[in-house]
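Since we're looking at a predicted model, the values are computed, not measured. Remember, it's 1-based here, ligands and their atoms both numbered in the order they're listed.
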Amino acid sequence: MSFDKTILITGGAGFIGSHLVRLMVNKYPNYRIVNLDKLTYAGNLENLSDIESNDNYSFVKGDIVDEQFIDTLFADYQFDGVIHLAAESHVDRSIEDPMSFIKTNIVGTVNLLNAARKYWTDFSGKRFYHVSTDEVYGSLGETGFFVETTAYDPRSPYSSSKASSDHLVRAYHHTYGLPIVISNCSNNYGPNQFPEKLLPLFIHNIKNEKPLPVYGDGKYTRDWLWVIDHAIAIDLIYEKGRDGETYNIGGNNEWKNIDLINSLCKVMDELLDRPAGSSEQLITYVKDRPGHDRRYAIDASKLMNELGWEPTVFAEEGLRKTAEWYLSNSEWLENVTSGAYQKYYTKQYGE
Ligand code: NAD
Ligand code: TYD
């Protein structure tokens, strides 16, 4: 079969990557989509079982930190584009083990940049897209929003590793002319997220009547973006974004953690048919995360005005859709909470 383009998506078995792979495999039968993933604790091919036998989809298991492997992959597939999502993505893990974040998020990104530079002898029609986070901008006070020109001020090992890789992607653009685009987005939520992040962890715990560990005073603020809205934005930016640019992506959906958790508790009581107030009783204030960023908020007007994107899912509707998905996919939840993850989970929160 011949294809118009071959696109490498890294981290396609993870949370956001799996939604992006599905979207692109279905939307572009003329593109060959190659999903490269190491299948760490966060990668799960179950996320893609519905499209795994499509003719325009291939999966390759491998590590972006392995320079030789990446070089050979580029030689074999002659990619036209790269959408790079593979990363270590959890702030709490980065506090415990920064080095694995340095390796995957920084060295892995440079390996991909070097391979693109080597094999793209002609940059025409090529694009290297780095999927990044709003956490690179640091922490906001009660007011204000991150814009694309906000100075970088990363404060956790995770956000520092993502900031570093953003800088390197831009450096390859300025130094070597590599065609790049970057997006920085807020906290995603929805199906397929590994249950170490706030929402799937709390849904899992409520279901099993376990404590809900709220860090610090619970008044930290995040902007929550429906994951499929994010995948749609990435596709749009990949296809139509301007070369060398950065686009912020946000859900226009800010919540203080404790308000989000209280709303989730109400939704869960209803869905589990438990007396009102049962889930809230599980809330347990615990020691704060070191260096916990107070507030993130995104101004996505550049993306909205230039490319016509807008978020579609907000507030309780998103929480309900998320809770319903995890409750009706309890096998998925059981599978990912057993094995390697279980050891980490037990160390963090006990049995
Ligand atoms: P995730 O942890 O769910 O998935 C990461 C994927 O990368 C997994 O499938 C994992 O197996 C793979 N991976 C990890 N190390 C690898 C390596 N060395 N080689 C190859 N594959 C490897 O992450 P996510 O939440 O889907 O995030 C995807 C991207 O989006 C990341 O770059 C992250 O920084 C960024 N991002 C995430 C959010 C969010 O809220 N989740 C927000 C903004 C930006
Ligand atoms: P998280 O999902 O880890 O995303 P991030 O740190 O990248 O924003 O956390 C979201 C917010 O929820 C953050 O303020 C930390 C807080 N949080 C808790 O209070 N308890 C928890 O068990 C977790 C995982 C997070």
key: Side chain, backbone, both or neither: the part of Tyr158 lying under 4.0 Å from ligand 2 by heavy atom   = neither
remark   = The atoms of ligand 1 lying under 4.0 Å from a heavy atom of Gly62, numbered in the order shown, are 19 (N), 20 (C)
ask   = Taking atom types as modelled and ignoring hydrogens, do the side chains of Tyr158 and Asn105 form a donor-acceptor contact shorter than 3.5 angstrom?
value = no
task = Run the salt-bridge test on Lys126 and Asp243 with the 4.0 Å N-O cut-off and return the result as yes or no.
result = no
query = Which atoms of ligand 1 sit under 4.0 Å from any heavy atom of Val131?
reply = 30 (O), 32 (O)
task = Tell me which protein heavy atom sits closest to atom 37 (C) of ligand 1, plus the residue, atom name and distance to 0.1 Å.
result = Ile16 CD1, 3.4 Å
message = When you compare ligand 2 with Asn257, is there at least one nitrogen or oxygen pair between them that comes in under 3.5 angstrom?
response = yes
inquiry  = When you compare ligand 2 with Trp224, is there at least one nitrogen or oxygen pair between them that comes in under 3.5 angstrom?
reply    = no
inquiry  = Check this for me, if you would: do Arg155 and Glu135 make a salt bridge, where the nitrogen-to-carboxylate-oxygen distance has to be below 4.0 angstrom?
reply    = no
request  = Tell me which protein heavy atom sits closest to atom 23 (O) of ligand 1, plus the residue, atom name and distance to 0.1 Å.
outcome  = Ser89 OG, 3.3 Å
query = If you group Ile, Leu, Val, Met, Phe, Trp and Tyr by side-chain heavy-atom gaps below 4.5 Å, do Leu272 and Trp325 land in one group?
reply = yes
ask   = Of Gly11, Ala13, Gly14, which has the heavy atom at the shortest distance from atom 4 (O) of ligand 1?
value = Gly14
request  = Return yes or no for this condition: an N or O of His230 is under 3.5 Å from an N or O of ligand 1.
outcome  = no
Carboxylate-amine/guanidinium proximity below 4.0 Å for Glu270 and Arg320 = yes
inquiry  = Just to be sure I'm reading this right: ignoring hydrogens, which of Arg93, His90, His292 gets closest to atom 15 (C) of ligand 2? Compare them by their nearest heavy atoms.
reply    = His292
Mode of Glu196 contact toward ligand 2 - side chain, backbone, both, neither (heavy atoms, under 4.0 Å) = backbone
note = Atoms of ligand 1 under 4.0 Å from any heavy atom of Lys38, numbered from 1 in the order shown, are 16 (C), 17 (C), 18 (N), 19 (N), 20 (C), 21 (N), 22 (C)
message = Heavy atoms only: which of Gly216, Ser159, Pro213 lies closest to atom 22 (O) of ligand 2?
response = Pro213
inquiry  = Regarding atom 10 (C) of ligand 1: of the candidates Leu20, Leu112, Leu225, Thr40, which has the closest heavy atom?
reply    = Thr40
inquiry  = Counting only heavy atoms closer than 4.0 Å, does ligand 1 sit against the backbone of Leu39, its side chain, both, or neither?
reply    = backbone
key: Note, Asn184 side chain near Thr133 side chain (heavy atom, < 4.5 Å)   = no
request  = From the options Ile249, Thr104, Asp134, Asp37, select the one whose nearest heavy atom is closest to atom 15 (N) of ligand 1.
outcome  = Thr104
Phe69 side chain near Asp63 side chain, heavy-atom distance below 4.5 Å = no
note = For atom 3 (O) of ligand 1, the closest protein heavy atom turns out to be Phe15 N, 3.1 Å
query = When you look for heavy atoms under 4.0 Å from ligand 2, do you find them on the side chain of Asp293, its backbone, both, or neither?
reply = neither
task = May I ask you to decide whether Glu316 forms a salt bridge with Lys266, counting only side-chain N to carboxylate O separations under 4.0 Å?
result = no
ask   = How far is atom 33 (C) of ligand 1 from its nearest protein heavy atom, and which residue and atom name does that atom have?
value = Tyr158 OH, 3.5 Å
ask   = Got an N/O contact under 3.5 Å between Leu36 and ligand 1?
value = no
key: atom 40 (O) of ligand 1: the protein heavy-atom neighbour that sits closest, reported with distance to 0.1 Å   = Asn188 N, 2.8 Å
Which of the ligand 1 atoms, numbered from 1, are nearer than 4.0 Å to a heavy atom of Asn187 = 40 (O)
key: Atoms in ligand 1 flagged as close to Gly43, the criterion being non-hydrogen separation under 4.0 Å   = 8 (C), 9 (O), 11 (O)
query = For atom 43 (C) of ligand 1, which protein heavy atom lies nearest, and how many Å away is it?
reply = Cys185 O, 3.4 Å
ask   = Side chains of Glu52 and Phe59: does their closest heavy-atom pair fall under 4.5 Å?
value = no
inquiry  = If the contact criterion is a heavy-atom separation under 4.0 Å, does Asp63 count as touching ligand 1?
reply    = yes
note = When distances are taken from atom 5 (C) of ligand 1, the protein heavy atom at minimum range is Ala87 O, 3.5 Å
request  = Flag Leu198 as yes when one of its N or O atoms lies below 3.5 Å from any N or O atom of ligand 2, and as no otherwise.
outcome  = yes
ask   = What atoms in ligand 1 come closer than 4.0 Å to a heavy atom of Ser132?
value = 43 (C), 44 (C)
task = Decide, yes or no, whether a salt bridge links Lys38 with Glu88 under the criterion of side-chain N to carboxylate O below 4.0 Å.
result = no
query = Can you tell me if Tyr129 and Ser183 form a side-chain donor-acceptor pair at under 3.5 Å?
reply = yes
request  = Closest by any non-hydrogen atom to atom 3 (O) of ligand 2: pick that one out of Lys197, Lys219, Lys256, Arg289.
outcome  = Arg289
ask   = Tell me: protein heavy atom nearest atom 28 (C) of ligand 1, and distance?
value = Leu85 O, 3.5 Å
query = N/O of Tyr41 under 3.5 Å from N/O of ligand 1, yes or no?
reply = no
ask   = Is there a donor-acceptor contact under 3.5 Å linking the side chains of Arg222 and Tyr189?
value = no
Distance-only N or O hit between ligand 2 and Asn187, under 3.5 Å = yes
query = Among the heavy atoms of Gly12, does any lie under 4.0 Å from an atom of ligand 1?
reply = no
ask   = Which of the atoms of ligand 1 are close to Lys162, meaning less than 4.0 Å from one of its heavy atoms?
value = 31 (C), 32 (O), 33 (C), 34 (O)
Side chain to side chain donor-acceptor pair (under 3.5 Å) assessment of Tyr28 paired with Asp4 = CA-CA 10 Å; Tyr28 302 108; Asp4 294 346; over 6 Å; no
